[in-house]
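What follows is a set of notes on a single structure, which appears directly below.
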Amino acid sequence: MPRYDAARIEPFWQAHWDEHKTFETPTLPERDGEYPGGKLYALDMFPYPSGSGLHVGHPEGYTATDIVCRHARMNGKHVLHPMGWDAFGLPAEQHAIKTGVHPRVTTKENIDTFRRQLKALGFSYDWSREVATTDVDYFRWTQWIFLELYDTWFDPESGRGRPIAELPIPGEIESEGAEAVRRYQDGHRLAYQHEAPVNWCPALGTVLANEEVIDGKSERGNHPVERLPLRQWMLRITAYADRLLDGLEGLDWPESVKALQRNWIGRSTGAEVDFKLVGRDEALRVYTTRPDTLYGATYMVVAPEHPLVDSLVTDETREAVEAYRRDAAFKSDLDRTELSKEKTGVFSGSHAVNPLTGQPVPVWVADYVLMGYGTGAIMAVPAHDTRDWEFATAFDLPIVPVVDPPANWKPSKDEQKLAREIDGVTRYPFTGAGTAINSGEFDGTPTGEFKIAVIKKLTDEGVGSEAVNYKLRDWLFSRQHFWGEPFPLWHELDADGNLTGLVRVEESLPVDLPKDFDFKPHGRPEPPLDEAPAEWLYKTADDGVRLKRETNSMPQWAGSCWYYLRFVDPRNGDRFVGEEAEKHWLPVDLYIGGAEHAVLHLLYARFWHHVLYDRGHVSTSEPFGKLVNQGMILGEPEADGRAYKMSKSRGNVVNPDDVVADYGADSLRLYEMFMGPLEQTKPWQMSGVEGVYRFLARVWRTITDEDADEVRLNPAVRDVEPTEEQERAILKTIKGVGDDIEKLAFNTAISKMMEFVNGFSADSVRPKSVAERFTLVLAPFAPHLAEELWRLLGHQSSLAYEPWPEVDESKLVESTVEIPVQVNGKVRAKLTVAAAADRDALTEAARSDAAVARHLDGKSVVKVVAVPGRMINFVVKG
RNA sequence: GGCCGAGUGGCGGAAUGGCAGACGCAGCGGACUUAAAAUCCGCUGGGGGGUAACCCCCGUGCGGGUUCGAGUCCCGCCUCGGCUACCA
């Protein structure tokens with residue numbers, strides 16, 4: 001009568017785990033030898049608690065770590081498995097502006113929903129460690145870490161961050177007095193102020209985040225957006241570029257993520273070269289990765305924002321250049337790159353001298369050169385750079401080839417499209433390495449050698465030097481939003497109430513957001529907090545200086561940069577994390593989350609961690625040892641057979657609550673793990689949920705008696721010795737599932753359990769010891785059902801810490817094996833032989849098989865390849 | 001354009017260089033049932049031959065190669081997906 005009823009079992013066990021604090025973990029072991037398996041810190045990327053609740057993508061990674069954790073506990077490990085909330089964020093602020101409800105209120109509601117949903121999935125989180133980035137007790141330490149960054153400068157000598165007090169002050173600065181010293185220090189801090197453009201939307205009266213701007217219009221209301229310079233806080237992540245690059249080496253991360261980070265950091269080596277401007281003392285400095293092509297530099301280009309532009313123009317060119325600059329200023333970086341298949345630009349009116357050829361070359365202004373990379377100016381070598389080639393073609397500038405391609409070089413399709421007649425010969429841009437031509441004394445030098453030689457020559461002549469460049473920019477760390485961590489800083493004001501540019505540190509943390517504050521846009525580009533009550537905003541320092549709070553707030557990334565540290569010791573009131581606790585738990589052993597965080601979050605967190613390490617606050621330089629990206633779950637395949645991303649507009653979003661209601665949490669967990677490899681993108685199929693549900697129901701029937709009026713053991717489950725076959729089957733399953741969990745190959749682990757149950761359920765006698773061990777193996781995947789069965793099998797307490805069943809590997813070995821017999825690589829027969837049969841025995845047995853003999857008949861055997869226990873292959877001729 | 005990943009039955013997928021398609025879904029046939037649901041049993045890549053047990057051929061995106069043997073390794077393509085993009 002009692003069928004498998006997830007709706008009865010699951011809430012019972014969830015309440016049981018809660019009441020018994022089953023998964024609460026002591027921060028440090030209470031005695032030696034308490035955890036013979038060592039420690040495991042398994043971390044999920046904590047969610048942003050959005051108003052739409054949990055998505056089926058969330059439980060995918062969460063189930064994976066949960067299985068690993070439950071398995072690890074059974075293996076005697078000290079397991080840390082926490083969950084929390086990345087709760088600052090734009091949607092809450094937007095919602096607040098629209099409805100007038102404080103973000104703290106909506107955030108709390110959303111967190112409650114997420115927590116309820118996660119608890120309903122039976123994850124073994126230690127909920128006593130829950131934190132939200134919006135908790136004052138949390139963000140006081142976010143502010144503290146910010147101050148550590150503010151207090152740190154990067155010493156290139158030692159390659160490490162050091163306290164600002166240790167920054168050597170040049171004598172001439174020192175002699176200028178205390179303020180000069182302060183400003184000098186400020187110029188070296190890892191956190192510094194800088195004017196940077198923001199997206200100002202006059203119609204909405206607010207500054208927008210990049211993701212709120214679409215094609216130069218606001219996402220809400222489609223109003224025009226201007227770019228406006230505003231004082232901002234920046235973090236000097238570029239100082240750590242090499243450290244962040246080198247640190248990737250030792251990490252057990254997907255190569256693809258490492259490649260993404262390397263790419264993002266974008267380190268390149270080349271040279272900086274000075275081109276003297278004709279008729280002036282100044283030089284125009286360019287960065288190039290191809291100094292070997294210097295002889296082919298036939299013109300130069302500066303970015304429209306380049307500071308030298310104003311002085312490069314002549315009376316004839318001024319008007320055209322200024323018009324061009326105005327146009328460029330209107331375009332965002334995105335527009336510039338997107339619409340610009342066609343190269344545009346204007347001649348500046350000036351010339352510079354190629355330092356090697358001595359020839360004057362024209363200097364152009366064009367927006368295909370970006371101010372943000374290198375020096376904002378380039379030497380253009382049209383023959384060997386496709387962009388320069390296109391530009392030279394458009395404006396009829398000379399193209400001089402200086403690299404002879406290797407003999408086997410062929411232009412690619414795109415290069416062929418750029419073909420041009422030069423001196424009666426069809427030519428293509430060539431961007432690879434070759435041999436120098438038209439390069440004076442360097443003719444015949446291979447590209448690699450040439451680079452080294454030319455850098456030496458330029459250095460000797462004082463017109464250039466080797467240089468390293470990064471794509472990585474410093475991190476714009478301030479936002480004009482209300483719902484974020486306040487900066488713990490004060491600005492000094494002058495007599496007129498203007499900022500002096502000098503700041504002071506807030507000594508008393510936390511700095512909470514002002515209470516009773518109207519967070520509606522006030523119509524100026526300054527942050528909303530600029531309208532905060534005066535008692536929050538202003539104060540007078542002991543020395544009489546008038547101070548105003550920093551009113552920018554930190555970006556959402558801030559809280560997620562260090563949450564993994566807080567989880568270790570979440571209630572510590574004296575330190576962001578206890579020293580001993582940090583040493584015990586870090587680094588994170590397994591970090592699972594979406595690939596969308598492959599660069600930013602993971603790079604920012606690494607950066608902070610490196611700084612904390614340099615300053616002696618943490619014991620490892622890298623925070624995350626092993627990283628795994630879960631694949632995206634797509635919607636159910638549509639009529640065209642294709643599956644698309646889940647989205648509200650497509651109406652293919654699956655709500656985990658519905659799945660739990662219809663099939664139970666164990667089915668949802670099992671299905672998400674059974675869909676395919678964790679890292680792969682895969683479509684949702686509700687019929688697949690049905691399938692794993694049937695499997696669980698079958699497990700239920702195999703161990704319990706459905707015909708009885710009450711829940712009780714199936715009469716086939718008896719306290720008897722297992723047969724040899726049963727014993728081998730369960731051992732094989734224990735071994736296979738355990739190995740698969742370690743490989744995170746959950747889909748195959750589940751199929752192994754299915755195979756076992758297919759066999760075991762058909763047995764009319766099911767030894768209790770086998771049923772028990774299977775229950776333990778199932779437990780990490782379907783913990784509610786497993787707990788229920790475990791209790792039915794006569795155990796009083798939770799199986800969460802029950803040892804993972806042992807496997808005597810010698811009992812796994814089968815005495816006979818079936819091996820294929822091939823003739824010329826084709827399988828012609830299958831042979832059951834003793835597992836120990838050697839090459840000769842195999843050959844003899846195979847030859848005596850009728851089918852094999854038929855295929856060997858009349859042919860001569862050239863060779864016999866035999867792999868004992870595996871296969872045998874006859875190579876024949878004739 | 002660059003980087004990364006993937007192409008295997010009707011579908012999701014499995015396969016240390018050694019029996020391709022485990023496991024599941026869907027489908028077909030059968031048992032149980034007055035009937036249905038649930039459950040249980042069997043079949044299920046394509047083609048061909050045989051009364052039958054069986055036998056043969058083809059088959060992992062395409063073209064080459066290495067190997068006794070390739071879904072797996074190498075070279076060259078094609079297609080799809082993700083990220084990124086005038087980075088000098």
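Just so it is clear, the structure is predicted and the values come from calculations on it, not from any experiment. Throughout, a chain's letter reflects where its sequence line sits, starting with A, and its residues are numbered from 1.
The closest side-chain donor-acceptor pair between A:Tyr470 and A:Ser268, if any, does not fall under 3.5 angstrom.
Here the nucleotide nearest the side chain of A:Ala259, chosen from B:C3, B:C25, B:C86, is B:C3. Among the nucleotides B:C87, B:C19, B:C25, the one closest to the side chain of A:Lys830 is B:C19.
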Item to check | Annotated protein contacts, base or backbone, on nucleotides 44-50 of chain B with a non-hydrogen cut-off under 4.0 Å, one of B, S, - each | outcome: -------
Checklist entry - How does protein contact run along nucleotides 6-17 of chain B, one letter per nucleotide 5' to 3', with B for base contact, S for sugar-phosphate only, - for none, heavy atoms under 4.0 Å? => result -----SBSS-B-
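Ring geometry, A:Phe395 versus A:Trp364: the interplanar angle falls from 30° to 60°, so the pair is classed tilted.
Annotated as syn: B:G9, whose glycosidic dihedral is within 90° of 0.
The ring pair (Phe, Tyr, Trp, His ring centres under 6.0 Å) search around A:Tyr373 returns none, not counting sequence neighbours.
A:Arg387 has no side-chain polar atom (N or O) that falls below the 4.0 Å cut-off from OP1 or OP2 of B:G1.
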Next on the checklist: Pairs counted only when both distances fall under 3.5 Å, Watson-Crick or G-U: show me the 5' to 3' dot-bracket for RNA chain B, [ ] for pseudoknotted crossings and | for other-strand partners.
Outcome noted: (((((((..(((.....[....))).(((((.......))))).(((((....)))))..(((((..]....))))))))))))....
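Taking 4.0 Å as the cut-off between side-chain N and carboxylate O, A:Glu818 and A:Lys830 do not count as a salt-bridged pair.
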Using the 3.5 Å cut-off, write out each protein N or O paired with an N or O of nucleotides 68-70 of chain B and the distance between them.
residue: B:C68; atom: O2'; partner: A:Asn873; partner atom: ND2; Å: 3.3
residue: B:C68; atom: O2; partner: A:Asn873; partner atom: ND2; Å: 2.7

Show me the protein contacts with nucleotides 28-31 of chain B, counting only N or O atoms at under 3.5 Å.
none

